[in-house]
Structure formats: structure tokens, C-alpha cells
Amino acid sequence: MTWVHESSTQLMASPERIYRALVDGGELRAWFAEHAEIVPSLGGSYRFWGRHTLGLPGPQDADQRILRLETDRALTFSWRLLGVPTEVSIALAAVPAEPSAPGPMTSVTLHHRGERPLGQPREKELIDDFWKLSFGNLGAHLTGAELLRPDFGDPSPEIRYSILIDAPPAVVFQALIDPASLNRWIAAAAVVEPRVGGRFEFGWKYQIDGRDVTGGPTRILELEPDRRLVVDWPDWRGDTTVRVQRLSFELEPVGPQTRVTLVHSGFERAADISDYPFGWGHFLSQLVLVATGQR
């Protein structure tokens, strides 16, 4: 039984720049794989392997080949993923420029087809999350932002960010715990009961595969005013069979400033990290604006 995954995204770069990041071995090693060897021609090798590759293949397993190549427009390659023959196609198209756009934008369309099931739990979500994480890293690579290159052999994968905010801990903590402040940087309709076991909700509501889902945290697990906040984080797709994760904020005074360390942990597998790293990078930048009175 075959399966197909399709997705699309827009990245801040020209098709030519993205194409180079796809077909240059050095660039592929920077954002996608620990090891890569590419001969950029029809039928040429497109080998990648190592700890940053789903399935943890070794060099003896890396037999990927280029099946289609259109300069600055398209790439198709074969990939024996977890022992299953699959085919990955990536198409690039320039997005009409907006007058206020900071630079060129490109639509990236992905088509990943497998000849049979991978034999993995939640494999539809596995492939979806893998490509979300991969294209998030590609976008970060193209703009010079921070990447999170997954180690697919890590038994306890997590996301960790540390930022310095020009405000004292009490002010930053208020931005984390006050509903009105939360609504300015992350929440839609925050609800907070500031005690261990109390409600802690962002008011996120959306649909996944036609199902209504309430996303984000639900309750406070640990609370130390001006120092520490830990909340639960159920599966963002609303799958109750998935282990609930933890999100913690640690606050440390650094002179008149505050160092905030965010840790999102409890993922069952590295691919489950999905595009969270890039979302948390954005939200922390908004926290800075709220805590420093710029928003």
C-alpha cells in the first residue's frame, strides 16, 4: 500500500538560492544531514546519512539517486527510508514580490511518496513532522537564523533556548503569568490560575484533519514567582495517546537584566520536535518586546 505526503511552504530566498542549498553537498550538510555527497546531474548520487537523518542510516545505506533535475526549479531523488523505497520531489516557484517585502520569496512544494508503510507508530505524523523540521532548518540556514539539527538517536530530545531580556525578573515573570500580557505575545484568550495545578491556557483553537483541537498548555506543574514556571504541553494535534510534554521557563537575574531559559521536553522521538524550534524563537522575540514595554 503506497502513501503520499504533500506539503508546501514559503521561504525568504530566491529559487536560485534555495536550489543551491538543495544540490550543494556542503550546504546540505549545514542544514539537513550530517554527511552528504552529491553529483548534481540526472542519475547522479544524492547520498546523505548520519545522526541528522531519519532512520540513522550509515554510509552503506546511502544509495539515494537524482531522478529529476531542473536548474533553479525542481529536484526529485530516490530515498530508501527505513528500508522502504520512497521518492521525494521538491518544486520551487518565485512568489510575486510585495512592495513591502524585505526580499525575494519562494514557494516550496514537497511530494514524498512511499511504496509501502514504514512500520512506525504514527507514521503519517512522523513524515509530516520530519519535513516541518527540515524545511524550518532550511529557512533558518537561508536567513542566518539558529538551526536545531535533530539527533535521531537521542532518547530524550528537547528544545532549549536562552535569551537575555533588558528587564528585571519580576517584570519578565509578569509577562509569563498575566493573561493580558500573554495575549500580547503568545496567547489568543489566556486563562491563568497562578498556583500549582491551576489552569494555564492560551486559548488556541484550530482544526486538524477536520477535528476541533484546543492547543497549547492546560495547567501549571511548577511555580516559583520571579524564578520558574513549568506547564504541561499536550500533543498539538490533540492525540491523547501521545505522551504529554513539559514547557519550562527559568528566570535568572543578570545585573539589571534577566536570562530566560526555555526548555520544551518530553518528546517521544526527535521528529516530534517538528517546527516548534522556529515557533519558540519567534514567540521569545515577542516576549522581549512585551517585557521591555515595546509592545
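- To the nearest 0.5 angstrom, Leu28 atom CG is 4.5 Å from Ile38 atom CD1.
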If you apply the rule side-chain hydrogen bond (donor to acceptor under 3.5 Å, both in side chains), what do you find for Arg259 with Ser162, and how did you get there?
CA-CA 7 Å; Arg259 181 171 301 282; Ser162 181; 3.2 Å; yes
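- Taking the six-membered ring where tryptophan is involved, the planes of Tyr276 and Trp233 are perpendicular, since the angle between them exceeds 60° and thus also 30°.
- Between Trp79 and Phe130, the ring planes are tilted. Angles from 30° to 60° get that label.
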Assess whether side chain to side chain contact (heavy atoms under 4.5 Å, CB included) is satisfied between His5 and Asp128, documenting all intermediate values.
CA-CA 7 Å; His5 168 79; Asp128 183 45; 3.4 Å; yes
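- Look at Arg68 and Glu87 and you find no salt bridge, because none of the NZ, NE, NH1 or NH2 atoms lies under 4.0 Å from a carboxylate O.
- Side-chain atoms of Thr106 and Tyr19, non-hydrogen and from C-beta on, never get closer than 4.5 Å to each other.
- Panel note: side chain Arg211, backbone Arg237; a donor-acceptor pair is recorded below 3.5 Å.
- Among residues at least two apart or in separate chains, there is no ring pair (Phe, Tyr, Trp, His ring centres under 6.0 Å) pair with a member in residues 80-110.
- No side-chain heavy atom of Tyr46 sits less than 4.5 Å from a side-chain heavy atom of Val88.
- Trp204 places a side-chain heavy atom less than 4.5 Å from the side chain of Ile186.
- Annotation: Met12, atom CE; neighbour count of heavy atoms from other residues, nucleotides and ligands within 6.0 Å does not exceed 12.
- Here the straight-line distance linking atom CG of Leu75 with atom CD1 of Ile18 works out to 12.5 Å at 0.5 Å rounding.
- At a threshold of 4.5 Å between non-hydrogen side-chain atoms, the residues Phe249 and Val172 do not count as touching.
- Of the residues listed (Asn137, Asp272, Ile273), the one engaging Pro150 in a side-chain contact (heavy atoms from CB on, under 4.5 Å) is Asn137, and it is the only one.
- At distances below 3.5 Å, not a single donor-acceptor pair connects side-chain atoms of Asp72 with backbone N or O atoms of Pro15.
- Salt bridge status for Arg269 with Glu125: absent, with no side-chain N to carboxylate O gap under 4.0 Å.
- Rounding to the nearest 0.5 Å places NE2 of His35 at 9.5 Å from CZ of Arg29.
- Taking the six-membered ring where the residue is Trp, Tyr206 and Trp236 present tilted rings, their angle falling between 30° and 60°.
- Formation of a donor-acceptor pair under 3.5 Å by the Glu27 side chain with backbone atoms of Val23 is not found in this model.
- Within a 6.0 Å radius of CZ in Arg195, other residues, nucleotides and ligands contribute more than 12 heavy atoms.
- Salt-bridge annotation for Arg122 and Asp129: absent, with no side-chain N of the basic residue lying under 4.0 Å from a carboxylate O of the acidic one.
- Checked by atom type and distance alone, the side chain of Trp49 never pairs as donor or acceptor with a backbone atom of Leu56 at under 3.5 Å.
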